[in-house]
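Source: prediction; values computed, not measured. Lettering follows sequence order; numbering is per chain, from 1.
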Amino acid sequence: MKSQLSQLISQAIASAQQAAVLPAELEYDIQIERTRDKSHGDYACNVAMQLARAARKKPRDIAEALLTHLPPHEGVDKVKIAGPGFINFYLSTNTIYAVVSTIIEQAERFGHSTVGAGQRVQVEFVSANPTGPLHVGHGRGAAYGAAVSDLLSACGFNVHREYYVNDAGRQMDILGTSVWLRYLELCGEELTFPANGYKGDYVWDVAASLHRNEGERLRHAWSAILDGAPKDEPEGGDKEEYIDALIARAKSLLGNEDYRFVFDTGLNYILDDIRDDLQHFGVVYDEWYSERSLTDSDAVTRAIERLKQSGHTYEKDGALWFKSSDYGDEKDRVLVRDNGVTTYFASDIAYHMDKMERGFDRVIDVWGADHHGYVPRVKAALQALGDDADKLDVLLVQFAVLYRGGEKVQMSTRSGEFVTLRQLRKEVGSDAARFFYVLRKCEQHMDFDLDLAKSQSNDNPMYYIQYAHARVSSVMRQLSEKQLSYDQHNGLQNLPLLTEQHELDLLSNLSKYPEVVESAGLKHEPHLLAHYLRELANGLHTYYNAHQFIVDDDQLRNARLCLISATKQVLANGLGLLGVSAPDSM
RNA sequence: GCGCUCGUAGUUCAGCUGGAUAGAAUAUCGGUCUCCGACACCGAAGGUCACAGGUUCGAAUCCUGUCGAGCGCGCCA
């Protein structure tokens, strides 16, 4: 409807220009908006005000002129000028009722569109280091990334969901070594666990499975490992140096093959856990992309070569630097360390180069807001490689602060109190977690009230929406008890009987849904959909309280049941896009 | 110190990229079941849009400055 009205306006402008009422050269952007106030009709256009200066006429006069040149349209009942120069459109009743049959006909596809035109979009989200289970900070990124992906998909984009697995690097070495040390403890070695090692219970779990399957094959004496190592932090040494020494010892004592085996056992165990966790959260990926594969396929060296060739690198202090400051980064960054090892940043350049080479039209990275300083250097790298950095959107997600019993839940990994996504799912359920995470704009700090998410009351917006859905199902169940029937075909014929204000409001709300999905998708803002669903649920509840649906009059009853069935469908569609279930009873 | 993000009812948040009288929810107060699920509905009250300037027909929204909050500023990942 919006686009049709927009066409009418541009035709009117063109025709007014031909009649020399408006100057030939004009710059404008036709915006058709939903009116906030019913008395302003259904849609409004502010183009007359935009044209005022260039045309050197009063906005209201321009609006008058456009009105006389506006072609008629069967969906539009009347057009009025109001306020400083708004052009208000009033839709015809046929148009207003048509939405119900459209919804019933398109069912779960209602709200889908083709604005994306099949463009290929890659969405990378979560991508947490596989050094431990996901925590609630990752949860928001997961819920947000999944919702954005599903919205884009509904908008006709071809979406590729991807998790970048950091299966290389020092953090993973620390994990591998931590696993090995716990394994040695299970073998009976008496050792002091390094201050900088991973101390979570899951490390014991991995070590136990290693011990079960491999026996004592990988055992080495603690004294041999410690031989020549520096002091750990509690003994007055440096914990970083100490753990690096242990990693080096693990590599030399175990040999390449066995070290890799221990390392991969830890990696795969945790990755399986993350995969399982996300799946229960309703988040699935098309691809788990390995960082290590970038090294194995020489993509990293290729990326570095390309930067070298194009003259964007230099050597200093034995390291190879990328001149990211040429592209607005605050300083240059190291690609290859003086010890010859490439940095994480080098892998990330290769990864983004690979994304571009795979031919995506758009690339979206969902990152935790603490990584915001990283954006300029990745964009710089893309520019230096000759790619279009504007193809990349980095969406930053702020952390959520949890509250329980009015108290902030302390979030230190050390205390172990309520930090994992799994615990959150267990406490409030997957539906509530998914919904609450996307209720707020992503760059907004957010307070996550656990008690509210758990409560089964009208305070809880998710229950409120689900209840609206369940309520319609309940009404339908009541039909048979009352020995009355629902004839959909007959209902669709009699929609014009729906003349109550509550009904007209609900119809108008339903017709907004496709616009909400499109806007939420294109703007990457699922919270728009969450808020819309609350409004729609409110419309249903209000209607329910004001009018009886199951009435004796067959025609009116069928029409009303059509309307609430359509509402139920839209609620289900919207909740589905947010990864929340739509129950028939609660 | 520099950079990024943010500041809207007591509280948690919207505000459609500059539009009509700044909106919900919650908390508070007062009403609604002989009725399809009261897990609901109706009403009241609640605001110097952090502050000060600027841009224009028009600013919560854009620009500058100040104050305040969070995060970032490794040859870690």
Side-chain angles (χ1 to χ4, degrees), chain A residues 31 33-37 39-40 44 46 49-50 52-53 58-59 82-86 88 128-129 131 166 168-174 240 291 316-321 330-331 333-339 341-345 347-348 368-376 396 398-399 401 403 439-441 443-449 452 455-461 463-464 466-468 470-479 481-482 484 512 515-516 519-520 523 525 527-528 530-531 534-535 537-538 540-551 557 560-561 564 585-586:
Chain A
Q31 295 168 21
E33 293 178 337
R34 286 277 181 175
T35 56
R36 234 176 290 180
D37 193 328
S39 65
H40 297 136
N46 65 353
M49 276 116 83
Q50 283 184 54
R53 193 173 323 161
K58 290 181 192 163
F86 286 101
N88 291 337
N129 282 356
T131 52
N166 299 124
R170 181 164 171 271
Q171 295 303 325
M172 286 306 298
D173 277 324
I174 296 177
E240 305 290 350
E291 177 187 353
K316 193 182 86 180
D317 304 332
L320 183 73
W321 295 70
E330 49 190 28
K331 54 174 125 171
R333 311 289 172 178
V334 171
L335 296 173
V336 186
R337 292 194 277 259
D338 57 7
N339 63 6
V341 179
T342 56
T343 58
Y344 170 82
F345 180 45
S347 297
D348 222 10
D370 53 335
H371 287 76
H372 66 79
Y374 204 74
V375 180
L396 300 170
Q398 291 284 351
F399 289 126
V401 179
Y403 284 83
L439 196 52
R440 307 294 176 221
K441 244 189 331 208
E443 69 264 31
Q444 191 67 254
H445 301 114
M446 118 171 162
D447 290 348
F448 193 128
D449 186 337
L452 181 59
S455 83
Q456 309 202 356
S457 72
N458 56 339
D459 305 353
N460 182 337
Y463 268 87
Y464 184 83
Q466 288 187 324
Y467 177 42
R471 195 165 223 181
V472 176
S473 302
S474 171
V475 170
M476 293 315 212
R477 284 193 295 268
Q478 284 293 322
L479 272 178
E481 284 178 30
K482 301 210 168 191
L484 287 167
K512 278 184 200 167
E515 293 164 22
V516 172
S519 148
K523 292 162 70 178
E525 293 186 344
H527 76 277
L528 294 175
H531 284 271
R534 221 238 154 238
E535 239 175 84
N538 176 249
L540 190 277
H541 287 309
T542 303
Y543 180 31
Y544 178 94
N545 274 67
H547 300 284
Q548 193 81 9
F549 306 152
I550 302 181
V551 291
R557 183 180 69 245
R560 286 185 168 170
L561 293 177
I564 64 167
S585 66
M586 314 187 49

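In this structure, the side chain of A:Arg560 engages the main chain of A:Gln548 through a donor-acceptor pair within 3.5 Å. Here the side chain of A:Arg557 pairs no donor or acceptor atom with the backbone of A:Ile550 at under 3.5 angstrom. In this structure, A:Asp317 contributes its side chain and A:Ala319 its backbone to no donor-acceptor pair below 3.5 Å. Side chain of A:His541 to backbone of A:Tyr464: a donor-acceptor contact under 3.5 angstrom is found. Distance alone, capped at 3.5 Å, places no donor-acceptor pair between the A:His445 side chain and the A:Phe399 backbone.
With P as the reference atom, B:U61 and B:G18 are 11 Å apart, rounded to whole Å. B:C6 and B:C62 have their P atoms separated by 9 Å, given to the nearest Å. Distance noted for atom P between B:A22 and B:C49: 10 Å (whole Å). Rounded to whole Å, the separation between the P atoms of B:A59 and B:C67 comes to 27 Å. Between the P atoms of B:A25 and B:U17, the separation comes to 24 Å (whole Å). B:G46 and B:A24: their C1' atoms are spaced 14 Å apart (whole Å). Separation of the C1' atoms belonging to B:A14 and B:G3 is 29 Å when rounded to the nearest angstrom. Atom name C1', nucleotides B:U8 and B:C13: the rounded distance is 9 Å, in whole Å.
Dashed line: the shortest gap from a side-chain N or O of A:Arg534 to OP1 or OP2 of B:U26 is not under 4.0 Å. Taking only side-chain nitrogens and oxygens, A:Arg471 comes nearer than 4.0 Å to OP1 or OP2 of B:A38. Using a 4.0 Å cut-off, no side-chain N or O of A:Tyr543 falls inside it from OP1 or OP2 of B:C42. Contact between the side-chain N/O atoms of A:Lys331 and the OP1/OP2 oxygens of B:G74 is found at a separation under 4.0 Å. Taking 4.0 angstrom as the limit, A:Gln444 places none of its side-chain polar atoms (N or O) nearer than this to OP1 or OP2 of B:G70. For A:Thr542, a side-chain nitrogen or oxygen approaches OP1 or OP2 of B:C42 to under 4.0 Å. Side-chain nitrogen and oxygen atoms of A:Lys441 include at least one within less than 4.0 Å of the OP1 or OP2 phosphate oxygen of B:G15. At B:C75, none of the side-chain N or O atoms of A:Tyr344 fall inside 4.0 Å of OP1 or OP2 (strictly under the cut-off).
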- Could you go through the side-chain contact (heavy atoms from CB on, under 4.5 Å) check for A:Glu443 and A:Leu396 one step at a time? CA-CA 6 Å; A:Glu443 69 264 31; A:Leu396 300 170; 5.7 Å; no

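Using a 4.0 Å heavy-atom criterion, one finds that A:Asp338 contacts the bases of the nucleic acid, with or without backbone contacts as well. Note on A:Met49: a base of the nucleic acid sits closer than 4.0 angstrom, heavy atoms only. Within 4.0 Å of A:Ala468, counting heavy atoms only, lies no atom of the nucleic acid at all. Heavy atoms of A:Asn46 sit under 4.0 angstrom from at least one base atom. Using a 4.0 Å heavy-atom criterion, one finds that A:Ser519 contacts no nucleic acid atom at all. Using a 4.0 Å heavy-atom distance criterion, A:Tyr374 is classed as a base contact. Residue contacts shown for A:Leu439 are absent, as no nucleic acid heavy atom lies under 4.0 Å away. Contacts of A:Asn88 with the nucleic acid, taken as non-hydrogen atoms under 4.0 Å apart, include base atoms. Residue contacts shown for A:Gln31 are absent, as no nucleic acid heavy atom lies under 4.0 Å away. Using a 4.0 Å heavy-atom cutoff across all strands shown, A:Ser455 reaches no nucleic acid atom at all. Among the protein residues, A:Arg36 comes within range of the nucleic acid bases, having at least one heavy atom under 4.0 Å from a base atom. Residue contacts shown for A:Lys58 are absent, as no nucleic acid heavy atom lies under 4.0 Å away. Among the atoms of the strands shown, only primed sugar atoms or phosphate atoms (P, OP1, OP2) are found under 4.0 Å from some heavy atom of A:Asn538. Using a 4.0 Å heavy-atom distance criterion, A:Gln548 is classed as a base contact.
Set against B:A14, B:C36, B:G19, the side chain of A:His527 has B:A14 as its closest nucleotide. Nearest to the side-chain atoms of A:Arg440 among the listed nucleotides B:A77, B:C4, B:A14 stands B:A14. The side chain of A:Tyr544 lies closest to B:C36 when the candidates are B:C36, B:C41, B:C71. Across B:A77, B:C71, B:C41, the shortest atom-to-atom separation from the side chain of A:Asp370 is found for B:C71.
Of the two residues contacting RNA chain B, namely A:Ala470 and A:His445, the nearest-nucleotide position lying further toward the 5' end is that of A:His445.
Residues that satisfy the side-chain contact (heavy atoms from CB on, under 4.5 Å) test with A:Asp348, not counting sequence neighbours, are A:Tyr164, A:Tyr344, A:Tyr351, A:His352, A:Tyr374, A:Val378.
Following rounding to the nearest Å, A:Asp459 (CG) and B:C13 (P) show an atom-to-atom distance of 16 Å. Atom NZ of A:Lys523 is separated from atom C1' of B:U61 by 12 Å (rounded to the nearest Å). The separation between A:Asp447 atom CG and B:A27 atom P is 17 Å, rounded to whole Å. A straight line from CG of A:Leu528 to P of B:G15 spans 6 Å, rounded to a whole angstrom. Rounded to a whole Å, the CD atom of A:Glu33 is 7 Å from the C1' atom of B:G19. Atom OH of A:Tyr467 and atom C1' of B:A38 are 7 Å apart (whole Å). If you measure from atom CD of A:Glu443 to atom P of B:G70, you get 19 Å, rounded to the nearest angstrom. If you measure from atom CG of A:Asn545 to atom C1' of B:G43, you get 14 Å, rounded to the nearest angstrom.
Looking at A:Thr131 and A:Gln171, their side chains never bring a donor and an acceptor atom within 3.5 Å of each other.
Note that CD of A:Glu525 and NZ of A:Lys441 are 6.5 Å apart. Values are rounded to the nearest 0.5 Å. To the nearest 0.5 Å, the span separating CD1 on A:Ile564 from CE on A:Met476 amounts to 5.0 Å.
In this pair, A:Phe549 and A:Tyr543 present their aromatic rings tilted. The plane angle is within the 30 to 60° band.
For B:U5, the base is anti relative to its sugar; the glycosidic angle deviates from 0 by more than 90°.
Counting atom types as modelled, A:His371 pairs no side-chain N or O with a base atom of B:G72 as donor and acceptor under 3.5 Å. For A:His541 and B:C41, a side-chain-to-base donor-acceptor distance below 3.5 Å is absent, hydrogens and geometry of angles not being considered.
In RNA chain B, the stems built from three or more successive Watson-Crick or G-U pairs (distances below 3.5 Å) are B:1-7 with B:67-73, B:10-13 with B:23-26, B:28-32 with B:40-44, B:50-54 with B:62-66.
For A:Leu484 against A:Val551, the heavy-atom pair with the smallest separation is CD1-O, 4.2 Å.
Stacking annotation: A:Phe86 is not stacked on the base of B:G19 (requires ring centroids less than 5.5 angstrom apart and an interplanar angle below 30 degrees). Remark: ring of A:His531 not stacked against base of B:A24; the cut-offs of centroid gap under 5.5 Å and plane tilt under 30° are not jointly satisfied.
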